[in-house]
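These notes concern the structure reproduced below.
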2 protein chains.
Amino acid sequence: MKRPTIADIAREAGVSKGAVSYALNGRPGVSAATRERILAVAERLQFHADSNARALAGAKTRVVGLTLRRPPSTLGVEPFFMELISGLELELSRQSYALLLQMAPGRDEELAFYRRWFSEGRVDGVLVCDVNVGDPRVSTLQELGLPAVVIGPPGVSGSLTSVWSDDEQSMVEAVEYLAALGHRRIARVGGIPQLAHTAIRTAAFAGVCARLGIADAVTVPADYTGEAAARATRKLLGGAHPPTALLYDNDVMAVAGLTAARELGISVPAELSIVAWDDSPICRLLHPPLTALTRDIGAYGELAARTLLAAIAGEPVTSAHGAPAHLTPRGSTAPPR
Amino acid sequence: MKRPTIADIAREAGVSKGAVSYALNGRPGVSAATRERILAVAERLQFHADSNARALAGAKTRVVGLTLRRPPSTLGVEPFFMELISGLELELSRQSYALLLQMAPGRDEELAFYRRWFSEGRVDGVLVCDVNVGDPRVSTLQELGLPAVVIGPPGVSGSLTSVWSDDEQSMVEAVEYLAALGHRRIARVGGIPQLAHTAIRTAAFAGVCARLGIADAVTVPADYTGEAAARATRKLLGGAHPPTALLYDNDVMAVAGLTAARELGISVPAELSIVAWDDSPICRLLHPPLTALTRDIGAYGELAARTLLAAIAGEPVTSAHGAPAHLTPRGSTAPPR
DNA sequence: CTGAAAGCGCTTACAG
DNA sequence: CTGAAAGCGCTTACAG
C-alpha cells in the first residue's frame, strides 16, 4: 500500500506543501478555514507524516531509548522491569512517544548503544537504569548532551537528572519493624553489590542496625536469583548464631529463602521472619504470604518518563524521589521465639 | 556535541559523499584502498550514519515494532513477556535491529499503533502477539503489506507467517501423564477465552479427556491473575465431585491454586495434583515445586525475530512450530488417594 | 495569510 | 573506479 505524502494532501486541498505542514503541526501561517480543509483531507487519507523526513528536517523523533542489561536470565524472573516499562509507556503514550528497547549483554554494549542512538539521531532522549557506581554511561551522556534521566539514586547520576526512591528510609522502616517485634539477630541477602542502590541499602542496613544495637548485621551478597538466595540462606541459617529474621533484596530471593528455610525444617514465621524488598502478586499468593517493602514501580516509570519528556521539551527539570517503599506486614514475620 | 556527517568524512578522506556511502555500506564502486581510508576516518570520528536520512533515502530503518496489550496488571506478573522480549532482542541485536515497544490499553489502540508505524515509516516490520480469534490486526497488516510475524497459532494468522508451539501436543502429554497416575477427575483453569491459543488448549483438553474416558473435564475460564485463579480453584474444589488434579494455563495461577487449596485444608500432592503451563523459576522455588509444562519462551522469540528479519530481507518464509512445551514432573503431582 | 525554495543527511542511478 | 546530481518527505525562514 502506498503512503500519502504532504504533496498529496496539498494537491487535494489545493494549497502548498508548506501550508499543509503548518496546518498539521498546529502552527500559525494558515487561516482557520484552510486548516480545517487540510486536516479533513489528512484525516480522510489516514495521513501520518513520515517520521524520518520530519526528524531529518529538524523535528523530534518522538522516541526515547532504554537499554536493559541481561545477566543470564535474571530479567525474566523479576516483575520489576516489566512494571517499570509499563509505567514508562503509560506516560510516553500520553505524549505520543514510543520506547526503543535494547537488551545488552554487558556494560560496554550498553554504552555503545547509547552512543549509537545519539549518532544515528534515533532518539530524543534516553533512560538509564541499573546504574553502577562509576557507571560510564553517566559521563558519556553528559558529554554527548543527549537528554537523559537516570532511574537510580542521585549520588551516582552526576549532573544527570535522576528519579528514585529513598531506599534508606525504607530500610530503616523494615529493620525498626523487625526490632520492634523483638528480633536482635537480623541478616540480609543483598542484590548485586556493584549496583548503586545496593550500596545504599547495604550502608543503610548497617547504619540502622548499629543505631539499634543489633550486632552482626551481616549482608550476604547475591544476584537476585533464587539459587543464589537459597545458598546464602542456608549459609546464614547454618551458623552458630543464626539470624531470626532475614531481609531479601528482591521478591524472587525471598521466595527462595522461604523454601530453603522450610527444607531445613525451620518454620516461618515461628522460627524465622522473612521480609522481601519489592512486592509482587506472588508475595501475596504464598503460604505464608510475604511481608514486603511495597512500592509502585509503575509510578517511578511514569515519573521518569515525565521528567525526561520535560527535559526534551527544554523545560528545567530536577531530580526527584518517588514515594518510598513502605512496609506491608503479612504472615511471614512474627516475634522471635 | 556535533555529529559528523558523510560530508565530513568525504572531506577528510578527500573523496565524494557518494564514495563514502558506498564504502560504508560495503557496496562496489570504490577501490579497496579508498574504502580502507574512508573506513578509518569514519572509525576515528565515531561516525554512524543518521538513520532518518538513511531511511528517507530508501534504506531500512532497522527497527521492528511490537505492541503489548496491558490488561490491568497482568503483564508485570508473568515472566512470559519479558522472556519473549529477551529472546526477540537476542536475535534482533545480532542483526543490528532494535525493538520499538508500545503498550496499548486495548485492541483498537494496538491496531492504531501498527497503522501509524506503517504510515510514519518507523519500522521495517512488526511482531504480533496475544492474537484473538478474528484479530483485526491480521487483516490490516495483510492489507498494508508490512512484513509481519504472528507469535501465535497459525489458524488465526491468515496469510501472515506465524511462530508458535504445538499446544495440543503438550496438552495431550499433560493429561495423559495425570491419567497414567490414576486421575479420573481432571479440571482446568484456563486463560482468557478470547485468545486464540486458549481456544486451542480448551479444545485439546476436551479432546484428550474424551478419548481417555475422563468425564466432566471442565475448563473454568480465568484471566491469568492469581485472584481469578484462586476463585476458580475454590469453586472447582467445593463441588460435589471435586477434581483430583488441576491444570492451570499459567504459572501465576498455579501458584494461587496451590495456596487456595492449602487454605481449604487440601494437601498437594496427596489430595490434589497441580500442573502449571509455563515454567518459571518460581515454580521450582515453591514447596512443593510445581510440575510444569516447560518451554523455552526465549527460543520462540528468537525464532520469531529470525523469521521476521528474513521476511524483511525478502527471503521466502514459512510458518513454523518451535519445540512444544514438555512436561517437567515435580512434587506437585502424585497418584490420587 | 500564502507560495516558492532551500536544506536536513543520506542513497543511488547516471555520466565520465 | 570516481564525481556530480537528483531525490526521499518533511520543516522553516523568506518573499510576496
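Lettering of chains follows the sequences in order, A, B, ..., and the numbering in each one begins at 1.
- By the side-chain contact (heavy atoms from CB on, under 4.5 Å) test, B:A310 pairs with B:E315, B:V317, sequence neighbours left out.
- Under the rule for a side-chain contact (heavy atoms from CB on, under 4.5 Å), the partners of A:A7 that lie at least two apart in sequence or sit in another chain are A:T5, A:K17.
- Residues passing the ring-ring contact (aromatic ring centres under 6.0 Å, His included) test with A:H48: none are found, sequence neighbours excluded.
- In the region residues 44-55 of chain A, proximity to DNA chain D at under 4.0 angstrom, judged on heavy atoms, holds for A:F47, A:A49, A:D50, A:A53, A:R54.
- A salt bridge (Lys or Arg N to Asp or Glu O under 4.0 Å) check over residues 90-103 of chain A, counting only residues at least two apart or in different chains, returns the pairs A:E91-A:R94, A:E91-A:R306, A:R94-A:E302.
- Within a heavy-atom distance below 4.0 Å of DNA chain C, the residues of residues 9-18 of chain B found are B:K17, B:G18.
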Check residues 23-30 of chain A and write down every donor-acceptor pair under 3.5 Å in which the side-chain atom is one partner and the other belongs to a residue at least two apart or another chain.
| from | atom 1 | to | atom 2 | distance (Å) |
| --- | --- | --- | --- | --- |
| A:N25 | OD1 | A:R54 | NH2 | 3.2 |
| A:N25 | ND2 | A:S21 | O | 3.0 |
| A:N25 | ND2 | A:S21 | OG | 3.4 |

Atom pairs and distances, donor-acceptor, side-chain atoms in residues 37-44 of chain A, under 3.5 Å, two or more places apart:
| from | atom 1 | to | atom 2 | distance (Å) |
| --- | --- | --- | --- | --- |
| A:R37 | NH1 | A:A13 | O | 2.3 |
| A:R44 | NH2 | A:E12 | OE1 | 3.1 |

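- Bounding nucleotides for the chain B contact on DNA chain D, 5' to 3', at a heavy-atom distance below 4.0 Å, are D:dC1 to D:dG9.
- With sequence neighbours excluded, the residues forming a side-chain contact (heavy atoms from CB on, under 4.5 Å) with B:E109 are B:A104, B:P105, listed by chain and number.
- For A:S51, there are no side chain to side chain donor-acceptor pair (under 3.5 Å) partners two or more places apart in sequence or in a different chain.
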TODO: Return one dot-bracket line describing DNA chain C 5' to 3' (Watson-Crick or G-U wobble pairs, both distances under 3.5 Å; ( ) same strand, [ ] crossing, | another strand, . none).
DONE: |||.||||||||.|||
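- Between A:H197 and A:W164, the ring centre distance stays below 6.0 Å.
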